[in-house]
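Report on one structure; see the data block that follows.
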Amino acid sequence: MGISRRGFIKASAVTGATVAGLSANKPMLTAFSETDKKEQIAESGKWLASTCQGCTTWCPVQVYVENGRAIKVRGNPNSKGNHGKICPRPHLAIQQLYDPDRVKVPMKRTNPKKGRNEDPKFVPISWEEAIDAVTDKMMELRKSHETHKFALFRGRYTGAADIFYKALPTIFGSPNNISHSAICAEAEKLGPYVTEAFWDYRDYDLEHTRYVIMWSTDPVSSNRQVPHAISMFGKVLDQAKVAVIDPRLSATASKADEWLPVIPGQDGALVSAIAHVILKEGIWNREFVGDFKDGENLFAKGSAVDEAAFEENKTYGIVKWWNLELKDRTPEWAAEISGVPAEQIYRVARDFAEAAPRAISWLAPGSAMQIRGGYTSMGAHALNALVGSIENIGGTNRGEKVPLESIPELDSYLDEIAKKGKKHEKIDQRGRIQFPAFAKGELHKGVVTNNVADGILNEDPYDIKMAIGYWNNFVFSCTGAQRWEKAMEKIPFYVHITVNPAEMTQYADIVLPACHQLFERWGVIKSKQNMNAYGSIQQPVIEPLWDCKVDETEIGWLIAESFAKKGFSNLYDYYRNEFTDPETGKKATNEKEFNLVATKFLSKKLWDPSEEKKGDQISSWQEFVDVGVWNAKRTPYKKHWEEGFETASTKFEFYSETLKGLLDEHAKGHNTSIDKVMEAMKYEARGDLAFVPHYEEPIRYGDEKEFPLIFTEHRSRLNREGRSANTTWYQEFKDADPGDEKWDDVIKINPIDCKKYGVKSGDRVKVTSVQGSIEVTVKEWEGTRPGVAVKCYGQGHWAYGRIATMDYQKKIARGGNNNEILPSDYEHLSGSTARHGGIARIKIEKI
Ligand SMILES: Nc1nc2c(c(=O)[nH]1)N[C@H]1C(S)=C(S)[C@@H](COP(=O)(O)OP(=O)(O)OC[C@H]3O[C@@H](n4cnc5c(=O)[nH]c(N)nc54)[C@H](O)[C@@H]3O)O[C@H]1N2
Ligand SMILES: Nc1nc2c(c(=O)[nH]1)N[C@H]1C(S)=C(S)[C@@H](COP(=O)(O)OP(=O)(O)OC[C@H]3O[C@@H](n4cnc5c(=O)[nH]c(N)nc54)[C@H](O)[C@@H]3O)O[C@H]1N2
Ligand code: SF4
Ligand SMILES: [Mo]
């Protein structure tokens, strides 16, 4: 591959000469690569830059393109974030691209009946006909002044998201742009936000760390800096200790120094006990936290401390935290609840503190996306503050700004219909007493994604008459998936913009084929890893394979153009007037040009020669396209130690005045007290306890007698979020997930429990919770703690294609979708869907 026949013969001849001693000082491979270099490249293809969005790491990559075909993917060597490395998943992206089951042309439904067991009877139509049908329906809503009854759903997105996701519903007149964020990981962002006013994922300084506590993360398989974690993991194991807190033996846990197989949902007990030990034993970081005024440690088990005795440095509320929560939270107490031995908790706490400040408490969704996970998110992050690793060497960091342009102001393009439409309550019911749903420090800014199904089903606050969804698959990806099936049946007109014929597609009236994000479109994205933030390009490295278009820009443009023809030109005017190619000064005249103009417009600050850059000095668009990535300066340490944090107190808040302020505002809006809000949100804490990290008992659906096992799950090493299942490599290498089997979907149960319930590996079983049943295969596996059953998320597709399903025609799933047994509930502060913490109890029955 990559070498023409002629080039290969020549190269071998030279290699032969090298072996014969002509160039004896050169290693053979180097000599080989130096031969005839130009001719080889000219004849065989080239590496073109793009970005992988197979998970939220968003890695700069290069694609090898030969004769118009994408052949392979590697990390972009110009990237300081992933230092030219990738994980295994972009290789599967090529199979996704060339998947014969892709949606290839626009289609319309001819069977008006909707349901899992109805054949939509799709027939191909032209883009003109498809867009015309979409805008006809939307114009009807404008005529009847019901624009709010339109919803736009999105899953994944690029830096161009707002061009479609925000501009379209806003100018059209709907409050209902519904993103997938709350089924993703918003509860994880909550902890860092309420403590240090940072609403984002952290970047962990793995290179310099000496201890890492991994709260429910398996960073060599998933999470958000995978290539960096994979390439750094050997070094981390050499120079640091690793403790993994996870009910299952993950890939990382199997190599770790400590595995703490916590009972699902009991993480909060471990947080409190670790903090208790650090304070009681006086091993906190003085530089960050401060000290007792007279130097004597007054944190003694069971006794409250006078706040005036302690002088804090960069933090706020340490004594309050002790008095309200920590003083009685001994490891012995936590051991009972969490199933983790007390001596292990002591050891982890001591070793973690001893490594300070080069110690990371790595917070991930597993311990946060739980019904009562908000306080674990807060507490697990606060442990970093106790050891002074916030923005410190070997600790938990943020990332420098990547100056992508925002979309221009929309206000002047809103007419009266739009302004009125926007004012309606949103279909996700955010803002109601149980959903303060704050994001980025603002109340009701967070989406309550999964509640949309209930909003639609109950027509509360109103009925949804039309929706467009793109790059999403909520019928599969949301817990309580059955509700989404019913909700989608109920929406009279639905449009799905998609690559594969997914579950969500089966309910569509119009299906629009999307370009694949990695290979077939222009775009720009920002992300960070390895203490380097970056902006990375996406380009059409090949001609789009089928009659597909780019969701965020091209399809937006076509809709806008069609609106204009029907007498409503505001969206078209916005796209036409506001987006100019910064290089040529030209405006787009068609959808293809708009995709490129918008990308250049948004990424301007990364490459325009007139912009001052705090990072790589790229000086033209072409150069940006060639190198593919703009690296910000390496993240500096301790920035907010000097500047102060943007919290209410300007300190790192163990006692969160920031959270208190938000809850207070929300309570006042409902003429009630914070305690009442806590109750509506299903939290137990009352009074001041609501503002410090604390233990809350997990909520589980299902009675223990009927449903003896606690169900828990993890994501797959090879899943590109929900988008790998129809590739043969995913199925063939499914056993890359510890305990899993190729081409199958297994429920992993400890041999002790297998004996107890009379099942063995290979048995087919029905797994039932209060939510529903699925059918899967049993796997006896010691990596699951007794009392718990573990299953990977990702199989169980009854649509998506011929590989993902057992039988696509007959809609027979391969395995079972976890979301059909996980009931829908929330971490209410953030509106997040609770998928972890063992929220469902299950029973298993042989079939
Ligand atoms: N039980 C359980 N549920 C989960 C999770 C879990 O771990 N367990 N994970 C959750 C998380 S973290 C997330 S982020 C969500 C993800 O869930 P969603 O946001 O709903 O997305 P996916 O399931 O990845 O589905 C992607 C859809 O986009 C289409 N598609 C694929 N590539 C492209 C493209 O390039 N462009 C466009 N326009 N479409 C494309 C696919 O055909 C598919 O229809 O799932 C959540 N659901
Ligand atoms: N390979 C791969 N990587 C991905 C993605 C992907 O689809 N595939 N998706 C990306 C996306 S969209 C996201 S949001 C991130 C998610 O980031 P991850 O860190 O992958 O988060 P989760 O999948 O939610 O975490 C699941 C882990 O939590 C454990 N767990 C379950 N319940 C509990 C519990 O009660 N307590 C504790 N301590 N642990 C528990 C599970 O065993 C599992 O190891 O990953 C990103 N990276
Ligand atoms: S799947 Fe994620 S970690 Fe892997 S290369 Fe793509 S973006 Fe990076
Ligand atoms: Mo996610």
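Counting starts at 1 for both ligands and their atoms, following the listed order. No experiment lies behind these values; they were computed from the predicted model shown.
In summary, the aromatic rings of F164 and Y470 are positioned with their centroids under 6.0 Å apart.
Using cut-offs of 30° and 60° on the angle between ring planes, the pair H828 and Y826 is perpendicular. Between F153 and F474, the ring-plane angle classifies as tilted under the 30° and 60° cut-offs. Ring geometry, F476 versus Y793: the interplanar angle falls from 30° to 60°, so the pair is classed tilted. Taking the six-membered ring where tryptophan is involved, the planes of H83 and H228 are perpendicular, since the angle between them exceeds 60° and thus also 30°.
Looking only at protein heavy atoms, the nearest one to atom 5 (C) of ligand 1 is Y793 CE2, 3.4 Å. Among all non-hydrogen protein atoms, the one lying nearest atom 29 (C) of ligand 1 is T498 OG1, 3.6 Å. Counting protein heavy atoms only, atom 19 (O) of ligand 1 is closest to H180 ND1, 2.7 Å. Regarding atom 15 (C) of ligand 1, its nearest protein heavy-atom neighbour is I183 CD1, 3.8 Å. The nearest heavy-atom contact from the protein to atom 5 (S) of ligand 3 is P90 CG, 3.3 Å. Given atom 47 (N) of ligand 1, the protein heavy atom at minimum distance is S477 O, 2.7 Å.
Shown in contact with L822 at under 4.0 Å from a heavy atom are these atoms of ligand 1, numbered in order with element: 1 (N). Every atom of ligand 1 is numbered from 1 in the order shown, and the set under 4.0 Å from a heavy atom of F474 is 20 (O). For ligand 1 and A502, the ligand atoms under 4.0 Å from any heavy atom of the residue are 44 (O). Every atom of ligand 1 is numbered from 1 in the order shown, and the set under 4.0 Å from a heavy atom of R715 is 6 (C), 7 (O), 9 (N), 11 (C), 12 (S). Of all the atoms in ligand 1, the ones that sit under 4.0 Å from a non-hydrogen atom of G155 are 19 (O). Set against the non-hydrogen atoms of V226, the atoms of ligand 3 under 4.0 Å away are 3 (S). Near P227, meaning under 4.0 Å from one of its heavy atoms, ligand 3 places the atoms 3 (S), 8 (Fe). Interface of G54 with ligand 3, defined as ligand atoms under 4.0 Å from a residue heavy atom, comprises 1 (S), 6 (Fe). Applying the 4.0 Å criterion to heavy atoms of W58 picks out, from ligand 3, the atoms 7 (S). Listed by atom number, the atoms of ligand 3 under 4.0 Å from I86 heavy atoms are 5 (S). In the vicinity of Q517, heavy-atom distances shorter than 4.0 Å reach the ligand 1 atoms 35 (O). When each atom of ligand 1 is checked for a heavy atom of G722 under 4.0 Å away, the hits are 22 (P), 23 (O), 24 (O). Applying the 4.0 Å criterion to heavy atoms of R89 picks out, from ligand 3, the atoms 1 (S), 2 (Fe), 3 (S), 4 (Fe). Atoms of ligand 1 lying under 4.0 Å from at least one heavy atom of C515, given by number and element, are 34 (C), 35 (O), 36 (N).
For a distance bound of 2.8 Å, the N, O or S atoms of C55 include one lying that close to atom 2 (Fe) of ligand 3. Residue side and main chain included, C87 places an N/O/S atom under 2.8 Å of atom 4 (Fe) of ligand 3. The nearest N, O or S atom of C52 is closer to atom 6 (Fe) of ligand 3 than 2.8 Å.
Cation-pi contact between R69 and Y98: present, with separation from the ring centre below 6.0 Å and deviation from the ring axis of at most 45°.
Shown here is W199, whose CH2 atom has more than 12 heavy atoms of other residues, nucleotides or ligands within 6.0 Å.
Contact annotation for E713 and ligand 1: only side-chain heavy atoms (C-beta onward) come within less than 4.0 Å of the ligand. Of all the heavy atoms of C478, none lies under 4.0 Å from any atom of ligand 1, so neither backbone nor side chain is involved. Neither the backbone nor the side chain of Q53 has any atom closer than 4.0 Å to an atom of ligand 1 (non-hydrogen atoms only). With a 4.0 Å cut-off on non-hydrogen atoms, W471 touches ligand 1 through its backbone as well as its side chain. Of the heavy atoms in Y800, only side-chain atoms (C-beta onward) come closer than 4.0 Å to ligand 1.
Residues S716 and Q795 have side chains not in contact (no heavy-atom distance under 4.5 Å, counting atoms from C-beta outward).
Below 3.5 Å of separation, one finds no N or O of H496 facing any N or O of ligand 1. In terms of polar-atom proximity, defined here as any N/O pair under 3.5 Å, H516 makes no such contact with ligand 1. At a 3.5 angstrom cut-off on N or O pairs, A514 does not count as close to ligand 1. Considering backbone and side-chain N/O of N818, none are found under 3.5 Å from N/O of ligand 1. An N or O contact shorter than 3.5 Å is missing between E721 and ligand 1 by distance. Considering backbone and side-chain N/O of D551, one or more are found under 3.5 Å from N/O of ligand 1.
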### Task
Start with the C-alpha distance between Q529 and Y534, add both sets of side-chain angles, then the distance that settles side-chain hydrogen bond (donor to acceptor under 3.5 Å, both in side chains), and finish with yes or no.
CA-CA 9 Å; Q529 56 185 312; Y534 53 83; 3.3 Å; yes
### Task
Start with the C-alpha distance between T777 and D744, add both sets of side-chain angles, then the distance that settles side-chain hydrogen bond (donor to acceptor under 3.5 Å, both in side chains), and finish with yes or no.
CA-CA 8 Å; T777 308; D744 203 353; 3.1 Å; yes
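Considering T56, V103, N473, L512 only, the shortest heavy-atom separation from atom 25 (O) of ligand 1 involves N473.
Here K114 pairs with D509 in a salt bridge; the nearest charged N to carboxylate O distance falls below 4.0 Å. Salt bridge annotation for E188-R202: present, with a cationic side-chain nitrogen under 4.0 angstrom from a carboxylate oxygen.
Residue R156 places a heavy atom less than 4.0 Å from ligand 1.
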